[in-house]
Protein chains: 2
Amino acid sequence: MADKQRRKPGETREKLMNAALALVGKGRHFASLGIREVTRQAGVVPTSFYRHFRNMDDLGLQLVDELGLVLRKMMREARANVLQADKLIDESVGIFIAHARNNRSFFMFMAQGLAGESRAVQEGIRSEMRYFASELANDLRRLKLADHLSDADLDMTCDLVVRSVAFSLTDILVISPEDEYQEEQVRKRTARFLQLIFVGAANWKSHPD
Amino acid sequence: MADKQRRKPGETREKLMNAALALVGKGRHFASLGIREVTRQAGVVPTSFYRHFRNMDDLGLQLVDELGLVLRKMMREARANVLQADKLIDESVGIFIAHARNNRSFFMFMAQGLAGESRAVQEGIRSEMRYFASELANDLRRLKLADHLSDADLDMTCDLVVRSVAFSLTDILVISPEDEYQEEQVRKRTARFLQLIFVGAANWKSHPD
DNA sequence: CACATTAGTGAACACTTGTACACATCAGTA
DNA sequence: TACTGATGTGTACAAGTGTTCACTAATGTG
């Protein structure tokens, strides 16, 4: 019988999650993946799937958790690299796009999941986005960049920022990963969106007409 | 044999498209639908499918075309009802949400398709959004509401507006259709997003800091 | 070391899937 | 009226599906 030693605990589990991501990265939609297909891609017998997941939705949920880690890592990097306020937007967008490029499948999964089949996955991703927006609000508060805004207005602004960046995912993910020119276009456009939003925030309620 | 008379030309075609939409409306993802499933829902024998579509992607493309009609109808209604500039945002968002409610399945299909499996459907929906944004820019130009903006900046603003509204789809479509309170919340939040964007546009390049 | 638990395997099941084929019935046209 | 093409139906089949079962090797704990 083919060697059965599980070298590390949770190795197969990881193989299955990576297999699902790989298929998503190849253009498949997560909702259309089947258990057999994923196990085949992972090089594992179909039965093994059930040792780690109850069904595909369950696997999706666990992918959302890992997605959370990726996002937090991205946030940490942004906090470490964005030192001057005037470069804040360009730097952040740059970091975001770099991560989207390096974790293409993950971000594809995220974009798919927002309107996906599983309500739980949907809610998980929305929750990640809310968390991200609230952390962004905290940062801006800490940097004293939005003192004139009420908490609610700052939250709204950050919500809109996160949504706009998230929507840019659909821009990045349709262009080929090597097409640096198009990537640069998306980068510029996303940055201008954020500038527009921040100009709005800066003048919010002060010159609302 | 069951009666075979096709009462109207293209009746089965319509039945199949409606069946796919109905399944999407029930929470299924378009990418996970199969030919047999759709024909079953339509009350039609599987073979009939091939008389009208080459495969599910083809059906999706034709749905995008119909989606275009829905969007244009919405745009017409907005143009007819939005008479005063100061009510522009609230009225438009209201009309959008009303249409999203009345064509729930269609808009679900749209939200799904943005990160869907078929590149062609994806491009079709993005194209509809671009058209929508450019029409919005024309309207604003005509109403002299954005004279201080360059064409490029106005286009960017409208692009961001359309994206923000489109993203609100994911908010509307997760709440139950009867939950009027939550719907009102989404309505308010979307309107505030747009206000923020327009404040940004109004101050764009005039007081950018 | 003995033993319970975990994580792997292969065979089998009942069912669904996409697609092909031959055939039937309608609508329109020459 | 006879023909033609479009649209509908039923049957068939090979391939793929999710899931269960009994079995086995490795791991960690007493």
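Convention: sequence-line order gives letters A, B, ...; per-chain numbering from 1. For the numbers below, each heavy atom of this structure counts, side chains included, while hydrogens, waters and symmetry mates do not.
- Evaluation of the ring-ring contact (aromatic ring centres under 6.0 Å, His included) rule for F198(B) yields no partner, not counting sequence neighbours.
- Proximity of a side-chain donor or acceptor of S168(A) to a complementary backbone N or O of S164(A) within less than 3.5 Å is detected.
- Ion pairing between a basic and an acidic side chain is recognised when a charged N comes within 4.0 Å of a carboxylate O; R141(A) and D151(A) show such pairing.
- Taking atom CD on E11(A) and atom P on dA25(D), their separation rounds to 19 Å, with Å as the unit.
- Remark: E128(B) pairs with R72(B) by the side chain to side chain donor-acceptor pair (under 3.5 Å) rule, at least two apart or across chains.
- Counted by atom type alone, Q112(B) and H29(A) present zero donor-acceptor pairs between their side chains at under 3.5 Å.
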Short N/O separations, protein against nucleotides 16-20 of chain D, under 3.5 angstrom:
| from | atom 1 | to | atom 2 | distance (Å) |
| --- | --- | --- | --- | --- |
| dT17(D) | OP2 | R40(A) | NH2 | 2.5 |
| dG18(D) | OP1 | I35(A) | N | 2.8 |
| dG18(D) | OP2 | I35(A) | N | 3.3 |
| dG18(D) | OP2 | R36(A) | N | 2.8 |
| dG18(D) | N7 | R36(A) | NH1 | 2.5 |
| dG18(D) | O6 | R36(A) | NH1 | 2.8 |
| dT19(D) | OP2 | Y50(A) | OH | 2.8 |
| dT19(D) | O5' | Y50(A) | OH | 3.4 |
| dT19(D) | O4 | R36(A) | NH1 | 3.3 |

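- Taking atom CZ of F53(A) as the reference point, atom P of dA7(C) lies 11 Å away to the nearest angstrom.
- Atom CZ in F49(B) sits roughly 13 Å away from atom P in dT17(C) (whole-Å rounding).
- Rounded to whole Å, atom P of dG18(C) lies 13 Å from atom CG of D57(B).
- For the pair H52(A) NE2 and dT6(C) P, the computed distance is 12 Å after rounding to whole Å.
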- Task: Take R163(A) and D171(B) through the side chain to side chain contact (heavy atoms under 4.5 Å, CB included) test and state the conclusion after the steps.
- Result: CA-CA 11 Å; R163(A) 282 158 178 257; D171(B) 299 326; 2.6 Å; yes
